[in-house]
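We're numbering straight along the sequence, starting at 1. Counting starts at 1 for both ligands and their atoms, in listed order.
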Amino acid sequence: MRQLRHVLVIFAAALVAQACTKKNEGNAPAVDEIRIGQFGSMTGGEATFGQSTDKGVRLAIDTKNAAGGIKGKKIKLITEDNQGKPEEAAAVVKKLISQDKVIAILGEVASTRSLAAAPIAQQFKIPMITPSSTNPKVTQVGDYVFRVCFIDPFQGPVMARFAHDNLKLKKVAVLKDLKSDYSLGLSDFFQKKFKELGGEIVSEQTFQTGDSDFKAQLTRIRSTNPEAIFIPAYYTEVGLIARQARELGLKAILLGGDGWDSPKLFEIGQKAVEGSYFSNHYASESPNKATQDFIKNFKAKFNEGPDGLSAAGYDAAMILLNAMERAPELTPAAIRDELAKTKDFDGATGKITINGERNADKDAFIVKVDGKTLKFITLLGP
Ligand code: PHE
């Protein structure tokens, strides 16, 4: 018994010693694992954004680990839920860096939350890669902040061109979210281009994230008789807006951006979203081999099809893992430098090259809500 106690004491001392060395390592990874942080909205009004992204990220990391990891080390993902709140996003990213000592961070989807966290990643010089935040300000925070998607100064004009050239629309109303950097930016970029093309914005109305009654705004929109309403917002509010618009007798075509992409859109919006169009990062019907391989592997792992967020999450994680593989050493600075060199990565969302502004130049998929699926309509470039 005494001997056993003796062994236990030695064992405990060894554990303490190990914990201390870990602390002294700063941001260096533990000997046998590479720690990557992820932050996202796993709960709240935008929960499918976080959950879908996480599935794509896990598929990428599990695939890489099954093939032996990176430089002989296994990758460990540490995920934090920010409940869809910008303050929480900042808090969990601080925790991932200072407590978990991650050497890179994946996240967020919503631009407002990426903007809340990016200054922290930049301050600590930990590379942060957002899979799908499209507001231009996000990567302007600094040289450690990257994205693997297009930006709204591209996406807005794409939808304006689609509305004007393809749908032949002349009079459009806009309903935007004052609490979302994404919504405000996308609204401006859309409107500017639509007017340039000769179209007219007949009404501009606003709401705030979390609102559930949009009747006053929609009644004002109805009085201007638009052919379409552009709603640069996220799926929960979009679904409710669509239903209330139809209840008020509005027959206008509904248009949106990537923020609509969620399996919950059909559930919340039901028949009211049918026939709407939005721009996106991904279409399941893409003939691209990398996209089809991704869909096959995703279905095998999760027993369901991916949405665009899963595809973007997969690409962000794969681009990070590839940069780690190429990096001469596993330090945040070396990983950052390799991320910046990403060229022609064949992703689930298409070919990705990181440009000088740390954004990706890519085409946008226009999709149409068709029952419970998204039908691919066209691919639009710059
Ligand atoms: N682009 C949106 C933003 O910047 C986030 C988003 C991307 C939402 C893709 C859904 C799908 O806030």
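Within ligand 1, the atoms closer than 4.0 Å to a non-hydrogen atom of S132 are 1 (N), 2 (C), 4 (O), 5 (C), 6 (C), 7 (C), 9 (C), numbered from 1 in the order shown. Short contacts between ligand 1 and A110, defined as distances under 4.0 Å to a heavy atom of the residue, involve ligand atoms 12 (O). Close approach to T134 involves these atoms of ligand 1, each under 4.0 Å from a residue heavy atom: 1 (N), 2 (C), 3 (C), 4 (O). Counting atoms of ligand 1 from 1 in the listed order, those under 4.0 Å from a heavy atom of H281 are 7 (C), 9 (C). The distance from ligand 1 to the heavy atoms of S133 drops below 4.0 Å at these ligand atoms: 4 (O).
For the residue pair S111 and D181, no side-chain donor N or O sits within less than 3.5 Å of a side-chain acceptor on the partner. Side chains of K215 and Q244: no donor on one and acceptor on the other come within 3.5 Å. A donor atom on one side chain and an acceptor atom on the other are found under 3.5 Å apart for D143 and Q122. Side-chain contact, K64 with N322: a donor N or O sits under 3.5 Å from an acceptor N or O. T48 and S262 are linked by a side-chain donor-acceptor pair at a separation below 3.5 angstrom, with hydrogens and angles left out of the test.
When hydrogens are left out, the protein atom nearest atom 11 (C) of ligand 1 is D258 O, 3.0 Å; that is the closest non-hydrogen contact. Atom 4 (O) of ligand 1 has its closest protein heavy atom at S111 OG, 2.4 Å. Nearest to atom 5 (C) of ligand 1 among the protein's heavy atoms is V109 O, 3.3 Å.
At least one N or O atom of Y234 sits closer than 3.5 Å to an N or O atom of ligand 1.
The pair K179-E237 does not meet the salt-bridge criterion, since no charged nitrogen lies less than 4.0 angstrom from a carboxylate oxygen. K168 and E227 are not joined by a salt bridge, as no carboxylate oxygen comes within less than 4.0 angstrom of a charged side-chain nitrogen.
At least one donor-acceptor pair closer than 3.5 Å links the side chain of S133 to the backbone N or O of E108.
Only the side chain of L309 comes within 4.0 Å of ligand 1, judged by heavy-atom distances. At a 4.0 Å heavy-atom cut-off, ligand 1 touches F49 through the side chain alone.
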